[in-house]
Amino acid sequence: MNWTSSQLRSLTELDRRGTITAVAAALGYTPGGVSQQIAALERATGRKLLRRVGRRVELTEAGRALARHADRILAAEAEAVAAVERTRTEITGVLRVALFATAAAEILPQALRAAREAHPGLEVRSRDMEVDDVYDAVVSGAVDLALGLDYPDVPIPRDPALRIVPLHTERFALAVPPGTFPGQGPAAGGASAGPLPLDLRRTEPHSWILPPADTYYGRAVRTACRRAGVEPSVRHEVTDTAATLALVEAGVGISTVTDLMLRLRPSHVDVLPLREPLERHIVMIYRTTAESLPTLTSLIPLLQSPPLPRPPQPNITPAPPSATLS
């Protein structure tokens with residue numbers, strides 16, 4: 001049959017996602033481009049692969065049969081590409097990476113610097129995405145590798161076709177406007193001991209700044225609070241870390257942070273350790289069929305290096321006089 005990998009991938013994604021619009025968004029095409037690829041497949045097979053049902057489309061029996069085999073064809077093709085690449089003495093080629101803001105700022109740059117020195121023929125193309133979208137980007141084949149976040153209370157899906165490899169573990173602390181919790185500062189714990197751990201139950205009267213409840217991060221923090229016996233009063237739903245820290249600094253609420261998150265925006269806030277364990281794991285995600293690709297295996301150990309330390313930033317100063325915490 002005279003078809004292409006792109007056409008087969010569009011078919012498998014349509015089988016998985018159900019709408020041409022969703023396939024276009026996942027693969028970075030236009031809806032018209034996806035329709036053209038399916039039409040080309042129909043010409044190549046001589047069979048109708050789609051039928052319209054009301055305002056939607058669904059795969060015909062022939063379409064579903066081809067989609068099942070297309071997954072195996074694409075996997076075999078990936079293995080063949082890896083075998084060819086392994087015959088090279090020098091690592092060259094393009095590696096597509098999806099990542100979220102913290103990884104883009106703190107993890108990928110040092111890996112790319114090392115990659116330029118070790119593998120000058122390797123071209124890494126990165127896409128900054130919402131962190132909850134990077135998993136689907138790997139599943140769809142839009143990228144070869146993603147850096148994502150996994151929370152013990154709200155884990156990302158596990159799929160035998162994917163590898164999820166932990167890189168770093170971070171424990172959350174609480175960022176609050178200065179002086180919000182008297183007695184929790186460094187003086188209370190002693191100069192060398194640092195701030196005393198804060199019980200999440202003490203946050204009950206305060207407003208929170210968190211991502212929406214339908215995000216992994218938002219669910220993880222809400223779950224930890226509820227386990228401690230408090231329902232967080234979320235007044236501001238924000239997904240951007242720098243914006244969250246700016247709001248905390250302005251005195252309008254409190255939020256959870258990690259060391260890497262604090263690097264994104266030096267802020268005048270109190271950072272207090274939490275008594276309850278609340279962690280996130282920064283992970284790599286890639287398809288098992290791609291795990292022997294030299295382009296992938298060359299970058300993985302570079303990503304596994306811990307982020308370089310930075311000089312400490314002052315993080316406790318008086319909040320603006322007009323700021324209020326409700």
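Model, not experiment: these values are computed from the prediction.
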| said: I'd like to know whether Leu262 forms a side-chain contact (heavy atoms from CB on, under 4.5 Å) with Leu245, so could you lay out the CA-CA distance, the side-chain angles of the two residues, the decisive distance to 0.1 Å, and finally the verdict. | reply: CA-CA 8 Å; Leu262 288 168; Leu245 288 169; 3.9 Å; yes

At their closest point, which heavy atom of [X] faces which heavy atom of [Y], and how far apart are they?
| X | Y | answer |
| --- | --- | --- |
| Val53 | Glu58 | CG2-CD, 3.5 Å |
| Trp3 | Leu41 | CB-CD2, 3.6 Å |
| Ile20 | Pro31 | CG2-O, 3.5 Å |
| Gln7 | Ala40 | NE2-CB, 3.4 Å |
| Ala115 | Leu299 | CB-CD1, 4.3 Å |
| Asp270 | Pro177 | OD2-O, 4.2 Å |

Which residue, [options], forms the side-chain contact (heavy atoms from CB on, under 4.5 Å) with [X]?
| X | options | result |
| --- | --- | --- |
| Val221 | Leu278, Val154, Asp153, Thr215 | Leu278 |
| Val34 | Leu11, Val23, Leu27, Thr21 | Val23 |
| Ile285 | Ile156, Val165, Leu145 | Ile156 |

[atom1] of [X] to [atom2] of [Y]: how many Å apart, nearest 0.5 Å?
| X | Y | atom1 | atom2 | answer |
| --- | --- | --- | --- | --- |
| Asp199 | Leu272 | CG | CG | 12.5 Å |
| Arg125 | Asp144 | CZ | CG | 10.5 Å |
| Glu13 | Thr19 | CD | OG1 | 11.0 Å |
| Ile282 | Ile107 | CD1 | CD1 | 4.0 Å |
| Glu117 | Leu112 | CD | CG | 11.5 Å |
| Met129 | Phe100 | CE | CZ | 12.5 Å |

| field | Test: Arg47 and Glu42 ion pair at under 4.0 Å | value |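 So Arg47 does not pair with Glu42 through a salt bridge.
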
| said: What I want to find out is whether Arg158 reaches Asp150 closely enough, with some N-O distance under 4.0 Å, to be called a salt bridge. | reply: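 Yes, Arg158 and Asp150 are salt-bridged.
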
Check whether [X] reaches the backbone of [Y] with its side chain - one donor and one acceptor, N or O, closer than 3.5 Å.
| X | Y | value |
| --- | --- | --- |
| Glu237 | Pro212 | no |
| Ser255 | Ile209 | yes |
| Glu276 | Ala224 | no |
| Arg51 | Thr60 | no |
| Arg96 | Ala142 | yes |

Take atom [atom1] of [X] as the centre, draw a 6.0 Å sphere, and report whether it contains more than 12 heavy atoms from other residues, nucleotides or ligands.
| X | atom1 | value |
| --- | --- | --- |
| Glu130 | CD | no |
| Asp71 | CG | yes |
| Arg171 | CZ | yes |
| Glu204 | CD | no |

Compare all side-chain heavy atoms of [X] with those of [Y] and state whether any distance is below 4.5 angstrom.
| X | Y | answer |
| --- | --- | --- |
| Leu108 | Ser126 | yes |
| Arg226 | Glu231 | yes |
| His119 | Pro294 | no |
| Val134 | Leu147 | no |
| Arg280 | Met261 | yes |
| Tyr151 | Thr223 | no |
| Arg16 | Val139 | yes |
| Ser10 | Ile38 | yes |

| task | Go through the steps for Arg17 and Asp136 under the test side-chain contact (heavy atoms from CB on, under 4.5 Å), then give the verdict. | result | CA-CA 11 Å; Arg17 298 176 185 274; Asp136 280 346; 3.7 Å; yes

| Is there a side-chain contact (heavy atoms from CB on, under 4.5 Å) between Arg9 and Gln37 once you walk through the steps? | CA-CA 9 Å; Arg9 192 170 299 284; Gln37 289 179 340; over 6 Å; no

| field | Cation-pi check, Arg219 onto Tyr216 ring (under 6.0 Å, within 45° of axis) | value | yes

| task | For Thr239 and Tyr217, test the side chains for any donor-to-acceptor distance below 3.5 angstrom and give the result as yes or no. | result | no

| request: Would you please classify the geometry between the Phe181 ring and the His206 ring as parallel, tilted or perpendicular, with 30° and 60° separating the classes? | output: perpendicular

